[in-house]
Number of protein chains: 2
Amino acid sequence: MAARSPPKQQRWQRRAEARPEEILEAALAEFTERGFDAARMEDVAKRAGLSKAGVYLYFPSKNLLLEALIEAKVAPIAQQVRALAEHGGNDPLGTLRMIAAIAAQKLRDADVIAVPRLVVGLSGRFPDIAEYYRTHVAEVARGALEDLIEAAMQQGSLRRADVKAVSRAMIGPFFFEAMWTHVLRGESTGAPDQDVHNYLDILLKGLEPRP
Amino acid sequence: MAARSPPKQQRWQRRAEARPEEILEAALAEFTERGFDAARMEDVAKRAGLSKAGVYLYFPSKNLLLEALIEAKVAPIAQQVRALAEHGGNDPLGTLRMIAAIAAQKLRDADVIAVPRLVVGLSGRFPDIAEYYRTHVAEVARGALEDLIEAAMQQGSLRRADVKAVSRAMIGPFFFEAMWTHVLRGESTGAPDQDVHNYLDILLKGLEPRP
DNA sequence: TGTATATAACTGTCCGGTCAGTTATATACA
DNA sequence: TGTATATAACTGACCGGACAGTTATATACA
């Protein structure tokens, strides 16, 4: 009797290396779909393939999980922009075009947009998160852009203008496009790559040095 | 004995007419400050000057309160935009500049930004709200802008270009500025009015008809 | 006095976080 | 190479607090 049900599939594996990233991935998905508050830690856990208590072995609280998520998902992008900017010092205009193309492409990716969207929703309640995002992501990327713009003005390929206003003019439309399509689910404008180039043509023509 | 504490300030008044609007106002404030989920109905009630159960006399649930709120706050904006656009038919460029100035000013007002911010945060969980906002505000306003742009192209004061791309270029930077200052609490760029004009100069120069 | 409007007190549920106990794997040793 | 022991990784069941929504009762006003 008592046939020891023997298939004995093991109930779980030790995978301490892989867990953190999987949990972050699951958290991003849940937070995005339900919003930070409405997302349940139990669902994050289930999605990551372990138990709720298991999640707490890696991240001490829901809030800290959120912060870790932002750091992991977004900081690398800002660093990439900085690297690009530092690299392309002697062709600022060309580098700007390149960065714009890359940025526009990233902004089209729902996973990338997810984080800033979260930040928008949470900045009121968690000022730390807003500040972290501003200093570690937004200002880094924008700063790199502005260095390039400044360089272009210095070498005379752009006419003098308020650098911050110009960087805003470069970023704004793409950011807006991202919100339009991802948040409002409105239809997107034109063919991506062509689109970016067309806009930069307009903007740069508007900023041509006087003839 | 039993001195019935007699100052007898009456505990409440019947004010059925005024309540709904006051509750909506309070809800907007609480939802904005704490986020929809974290906001407590009890606080909304207190802020509106009645008890929690009182709120439920007027709005059947927290979700419905949210929907009513968005509807109430959004309709006036849509109407104003439409009015502006219809008004300035024969000087499209001038009207565009005017609208840009007004829009930029509005976007600087935290109360105005509050609703779109909520929408961004909630669009994932409440697709209805996102769609309502898109069709009743976003597309109306953008459509009006695009009519003007189209008119300007037709009369030859702007060169041909993708109309949607141009409207995005007009709106994007100001939207971005609003998010930068209100969400990230970053410092704002330049003197408001001057700033708007400078940017439009650049953009419109970039769109000048060929000489 | 009757009824619409208000409240205080209450209930049920949900969820973040904890903890005692279980299982997988690494290591020591025969 | 096989078995005992140690420890890291993981789980299931639970707790306490918070809060949306309800109910029973009181008060203003016609």
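Chain identifiers are assigned alphabetically (A, B, ...) following the order of the sequence lines, protein sequences preceding nucleic acid strands; residue numbering begins at 1 within each chain.
- Nearest to the side chain of A/Arg11, among C/dT22, D/dT22, C/dC15, sits C/dT22.
- Residues A/Glu86 and A/Arg82 are paired through a salt bridge, judged by an N-O separation under 4.0 Å between the basic side chain and the carboxylate.
- Among the protein residues, B/Leu57 comes within range of the nucleic acid bases, having at least one heavy atom under 4.0 Å from a base atom.
- The side chain of B/Ala53 lies closest to D/dT23 when the candidates are C/dG17, D/dG21, D/dT23.
- Pairing for D/dG12 is with C/dC19, a Watson-Crick or G-U wobble pair whose two hydrogen-bonding atom distances lie under 3.5 Å.
- The interatomic distance linking A/Glu42 (CD) with C/dC14 (C1') rounds to 11 Å, in whole Å.
- Minimum atom distance to the side chain of B/Tyr58 is reached by C/dA6, of the listed C/dA6, C/dA26, D/dT11.
- For D/dC19, the OP1/OP2 oxygens have a side-chain nitrogen or oxygen of B/Arg40 closer than 4.0 Å.
- The base-pairing partner of D/dT22, taking Watson-Crick or G-U wobble contacts with both distances under 3.5 Å, is C/dA9.
- For the pair B/Leu50 CG and C/dT7 P, the interatomic distance rounds to 5 Å; values are reported in whole Å.
- One atom, CG of A/Leu65, and another, C1' of C/dC15, lie 15 Å apart when rounded to the nearest Å.
- Base pairing of D/dA28 is made with C/dT3, judged by Watson-Crick or G-U wobble geometry with both donor-acceptor distances under 3.5 Å.
- With respect to the salt-bridge test (charged N to carboxylate O, under 4.0 angstrom), the residues A/Glu146 and A/Arg168 do not qualify.
- In terms of heavy atoms, A/Ala165 sits closest to A/Asp162 at N-OD1, 2.9 Å.
- Not a single donor-acceptor pair, N or O on each side, falls under 3.5 Å between the base of C/dA8 and the side chain of B/Lys52.
- Rounded to whole Å, atom P of D/dC14 lies 21 Å from atom CE of A/Met41.
- Ion pairing between a basic and an acidic side chain is recognised when a charged N comes within 4.0 Å of a carboxylate O; A/Arg97 and A/Asp201 show such pairing.
- B/Ser123 and A/Arg117 are linked by a side-chain donor-acceptor pair at a separation below 3.5 angstrom, with hydrogens and angles left out of the test.
- Taking atom OH of residue B/Tyr56 and atom P of nucleotide D/dA20, one finds them 6 Å apart after rounding to whole Å.
- Using a 4.0 Å heavy-atom cutoff across all strands shown, A/Ala39 reaches sugar-phosphate atoms only and no base atom.
- Between B/Glu150 and B/Lys164 there is no salt bridge, since no side-chain N of the basic residue sits under 4.0 Å from a carboxylate O of the acidic one.
- Looking at the side chain of A/Arg19, the nearest of the listed nucleotides D/dC10, C/dG17, C/dT25 is D/dC10.
- Regarding contacts with the backbone of D/dC10, every side-chain N or O of A/Arg15 stays at 4.0 angstrom or more from both OP1 and OP2.
- Straight-line distance from the CD atom of A/Gln13 to the C1' atom of C/dT22: 16 Å, rounded to whole Å.
- We find that CZ of B/Phe31 is positioned 9 Å from P of D/dA20, with the value rounded to whole Å.
- C/dC15 atom P lies 12 Å from atom CD of A/Glu30, rounded to whole Å.
- When the side-chain nitrogen and oxygen atoms of A/Gln10 are compared with OP1 and OP2 of C/dT25, one or more of them lie within a distance under 4.0 Å.
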